[in-house]
Number of protein chains: 2
Amino acid sequence: MKIRGYATLKDVAKKAGVSLATASRALNNRGDVDQTTRKKVLEAAKALSYTPNPLARGLLSGTTKTIGILVTTIQNPFYAAVVSGIEKVLAAEGYTIILCNSHEDPEAEREAIRVLLARRVDGLIIAPVQSKPDGLELLFKSNVPFVFVARYMPGVDTDYVVCDDEAVGRLATEHLIDRGHRRILFMNSRGNSSAELRQRGYEQSLAAHGISPEPSLIRTVYYHTQAEEAISAALDEGLDPTAVFCFCDEMAVGVLRVLAARGIRVPEEIAVISCDNLAFSAVLHPPLTTVDIPEFEMGVEAARILLNKIKRRKKKTTQVVFTPKLVERAST
Amino acid sequence: MKIRGYATLKDVAKKAGVSLATASRALNNRGDVDQTTRKKVLEAAKALSYTPNPLARGLLSGTTKTIGILVTTIQNPFYAAVVSGIEKVLAAEGYTIILCNSHEDPEAEREAIRVLLARRVDGLIIAPVQSKPDGLELLFKSNVPFVFVARYMPGVDTDYVVCDDEAVGRLATEHLIDRGHRRILFMNSRGNSSAELRQRGYEQSLAAHGISPEPSLIRTVYYHTQAEEAISAALDEGLDPTAVFCFCDEMAVGVLRVLAARGIRVPEEIAVISCDNLAFSAVLHPPLTTVDIPEFEMGVEAARILLNKIKRRKKKTTQVVFTPKLVERAST
DNA sequence: TTGTAGGCGTTATCAG
DNA sequence: CTGATAACGCCTACAA
């Protein structure tokens, strides 16, 4: 018994009147233990509410039964859902989750990875801030298995679970073009694979319809909370878009807010489309047209892949790409 | 060097040509170490990218630098914000967060507490599912410091950070009554302090205005995702409310969805008010009148109190109660 | 079937 | 200033 009052195996052994080894065997159903002895040990353990110390165990096994999760911010319901999916799978297997947020900052991401590895996590699930491996040598050199989720690094051989972001970009842009829009303001994120691929999809669709891309119509919004300033600035500059394509529903909220404040009607004067299809998007004013991405399922899948890596120690990487789906509502 | 490739202190000592003890002292700036020796050790450590194994450290110190967080679900942006607040404070102090979700299930809550304590967390921050300590003997008997957040257990001497939920109930109800409503459907949660206190506030306000409470107008919704069924059922039963008071913005989303689907105008036919003031509530259709609760700040405060408990080992409990604020918008 | 002993990686104590 | 050595709590050969 120490400060915190946790009983140790020694306490159990003493109470049961057996040796440490026997107590351990009895509790772990290991080797041959006399039924009576086992019972005595189990009773002693129960009486002392004994729980094995995971630190001692981990020290010996080189395993922590702990998984690090690193997303941009859990305040974005998109990642909250991803994390929930991961958690569902991992908790069932006795793993515990350590959560970190990068806030889209490469420096913070690197630091979080350092912390997580220093904690000796058994694996990592990461939504990488950037689409290049630069700066993450620590991650790639470690032998700790990891899976990218939502975003990945094209051209780098890793496990990942994403959705087809080029299709996302095309789906949204085509939809707007079909509705007669030609000046489409794209409020995009930047540096990560989703942003890059969606932009490629956007440009592909414009080209396919003979619309020449206008650089000033693509605005970078690093973090969704900056959406309001970004749309305000774009409007003040007189860019005159007839439609706005937002990187995520959270950004769309900011955009709708500003448009409402300025008395600009949606979709009559400016149409708005975005990506994610979060629960609230159906009840926004107006209900938001958005590209559905199965966040929860992506989390589930990523966790499964990671568990496989950890258990089977397999080397080959696995990639899963989900297909996005347009959900039409009143904002376009 | 073991499987995972982490260098150990032994490796560092060997490379630097000193003993384990000296290496340890050099790295921890402990005791007197010759400048030249220290430098050698630090260089060796760097070359091997040595990070102390927290399991070994923890085993010795009886500390894990790890805090358990237990909320109902991180998919509710309310708790996502609470957790973010906690994380901000804790990360700065080198603590790591282990996240668990109770999903409003007392059984799952108890199990999560068991897991967290078994993990030897240094402290816990909990949004308890129920307002009574029953079933949580494990928590109360442990000597692990904990702080309740968002919800608490009235009458039990613990640390907690909440908002004045009775005021929340009064604020919302008074507002509706002022607007002429007398049949107010209250879609409440249940069992937790927030639900109980808000209901008390609701009843106080009704009484103050001579409105006799009608039990059938209080519906229990255990989990916010069930809001749609609940409101549908209430309407089908012909309860004929002229206003709905929701336990949280997430529930209000479900309610608005159903009302919209049924072609019921808000607020003309039925007014809707709720609690939280999440970011999206300003852009719902219609913009939601809601009672603002400072979630992030509650998280920050809870984390601070917990750190104080852990560091100063003080026994006295601390209570913080935030004041809610009505935010009037178009749904009422 | 049971007990003894060694070691996982660190830190702290105590000699030297 | 430095180096053995003894814990921390657990598991597992190896002996008995």
Side-chain angles (χ1 to χ4, degrees), chain A residues 1-42 44-45 48-66 94 117-122, chain B residues 1-42 44-45 48-66 94 117-122:
Chain A
M1 296 283 192
K2 303 299 296 298
I3 315 170
R4 278 287 157 63
Y6 292 106
T8 72
L9 188 57
K10 199 160 146 194
D11 299 323
V12 175
K14 184 184 293 178
K15 184 166 187 106
V18 299
S19 74
L20 268 179
T22 304
S24 173
R25 275 188 292 254
L27 289 167
N28 296 303
N29 280 318
R30 195 84 71 199
D32 294 312
V33 180
D34 185 276
Q35 280 309 324
T36 326
T37 313
R38 159 164 297 142
K39 206 172 154 205
K40 266 193 305 185
V41 173
L42 293 181
L48 297 170
S49 13
Y50 168 76
T51 7
N53 185 326
L55 283 72
R57 237 183 202 176
L59 194 53
L60 218 47
S61 68
T63 257
T64 54
K65 285 287 235 172
T66 279
L117 291 177
R119 288 272 175 183
R120 306 302 198 258
V121 293
D122 291 343
Chain B
M1 293 283 191
K2 304 299 296 298
I3 314 170
R4 278 287 158 65
Y6 292 106
T8 71
L9 188 58
K10 200 160 147 191
D11 300 323
V12 175
K14 186 184 292 177
K15 183 165 187 110
V18 298
S19 73
L20 267 181
T22 304
S24 174
R25 274 188 294 254
L27 288 167
N28 296 303
N29 281 319
R30 196 84 71 200
D32 294 313
V33 180
D34 185 275
Q35 280 309 325
T36 326
T37 312
R38 158 164 298 142
K39 207 174 153 203
K40 267 193 303 185
V41 173
L42 292 182
L48 298 171
S49 12
Y50 168 75
T51 8
N53 186 326
L55 282 72
R57 242 185 200 173
L59 191 54
L60 215 48
S61 69
T63 257
T64 54
K65 284 287 236 173
T66 280
L117 290 177
R119 289 272 175 184
R120 307 300 199 258
V121 293
D122 291 342

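Order of the sequence lines fixes the chain letters, A, B, ..., with proteins taken first and strands second; residue numbering starts at 1 for each chain. Computed from a predicted structure; not experimentally measured.
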Position toward the 5' end of DNA chain C (nearest nucleotide), Leu55(B) or Arg30(B):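 Going by which nucleotide is closer to the 5' end, it is Leu55(B).
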Can you check the [X] [atom1] to [N] [atom2] distance for me, whole Å?
X: Arg57(B); N: dC8(C); atom1: CZ; atom2: P; answer: 19 Å
X: Leu60(B); N: dA12(C); atom1: CG; atom2: P; answer: 7 Å
X: Asn29(B); N: dA12(C); atom1: CG; atom2: P; answer: 13 Å
X: Lys14(B); N: dG3(D); atom1: NZ; atom2: C1'; answer: 17 Å
X: Leu27(A); N: dG9(D); atom1: CG; atom2: P; answer: 16 Å
X: Leu20(A); N: dA7(D); atom1: CG; atom2: C1'; answer: 14 Å
X: Lys39(A); N: dT1(C); atom1: NZ; atom2: C1'; answer: 19 Å
X: Asn28(A); N: dC11(D); atom1: CG; atom2: C1'; answer: 8 Å

Hey, which sits more toward the 5' end of DNA chain D by its nearest nucleotide, Thr22(A) or Ala23(B)?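 Residue closer to the 5' terminus by nearest nucleotide: Ala23(B).
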Determine, step by step, whether Leu27(A) and Leu9(A) satisfy the side-chain contact (heavy atoms from CB on, under 4.5 Å) criterion, reporting the C-alpha distance in whole Å, the side-chain angles of both residues, the deciding distance to 0.1 Å, and the verdict. CA-CA 10 Å; Leu27(A) 289 167; Leu9(A) 188 57; 3.6 Å; yes
[X] side chain, from C-beta outward: closest of [options]:
X: Ala56(B); options: dC14(C), dC11(D), dG9(C); value: dG9(C)
X: Val18(B); options: dC10(D), dG3(D), dT11(C); value: dG3(D)
X: Leu59(A); options: dC8(C), dC10(D), dT10(C); value: dC8(C)
X: Ser19(B); options: dT10(C), dC1(D), dA4(D); value: dA4(D)
X: Arg25(A); options: dT2(C), dG9(D), dT2(D); value: dT2(C)
X: Ala21(A); options: dC10(D), dG3(C), dG9(C); value: dG3(C)
X: Asn53(A); options: dT2(C), dT10(C), dC10(D); value: dC10(D)
X: Val33(A); options: dG3(C), dT2(D), dT2(C); value: dT2(C)

If you look at every strand shown and take non-hydrogen atoms under 4.0 Å, does [X] touch a base, only sugar-phosphate, or nothing?
X: Thr36(A); result: nothing
X: Asp32(B); result: base
X: Leu9(B); result: base

Which residues share a side-chain hydrogen bond (donor to acceptor under 3.5 Å, both in side chains) with Arg119(A), sequence neighbours left out: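 With neighbours one apart ignored, the set is Thr66(B), Thr96(B).
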Can a side chain N or O of [X] be found less than 4.0 Å away from OP1 or OP2 on [N]?
X: Thr37(A); N: dT2(C); result: yes
X: Tyr6(A); N: dC10(D); result: no
X: Ser24(B); N: dT10(C); result: no
X: Thr8(B); N: dG9(C); result: no

When the C1' atoms of the five terminal pairs at each end define the local axes, what inter-axis angle does the helix from dT1(C)-dA16(D) to dG16(C)-dC1(D) show, to 10 degrees?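 Overall, the helix from dT1(C)-dA16(D) to dG16(C)-dC1(D) bends by 50° from one end axis to the other.
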Can you list the steps and then say if Thr63(A) with Arg57(A) is a side-chain contact (heavy atoms from CB on, under 4.5 Å)? CA-CA 8 Å; Thr63(A) 257; Arg57(A) 237 183 202 176; over 6 Å; no
Step through the shown structure and confirm whether more than 12 heavy atoms of other residues, nucleotides or ligands are within 6.0 Å of NZ on Lys65(A).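 It does: Lys65(A) NZ has more than 12 such atoms within range.
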Given the rule in the side-chain contact (heavy atoms from CB on, under 4.5 Å) test, do Arg120(A) and Thr51(B) qualify, once you have shown the distances and angles that lead to the verdict? CA-CA 10 Å; Arg120(A) 306 302 198 258; Thr51(B) 8; 3.6 Å; yes
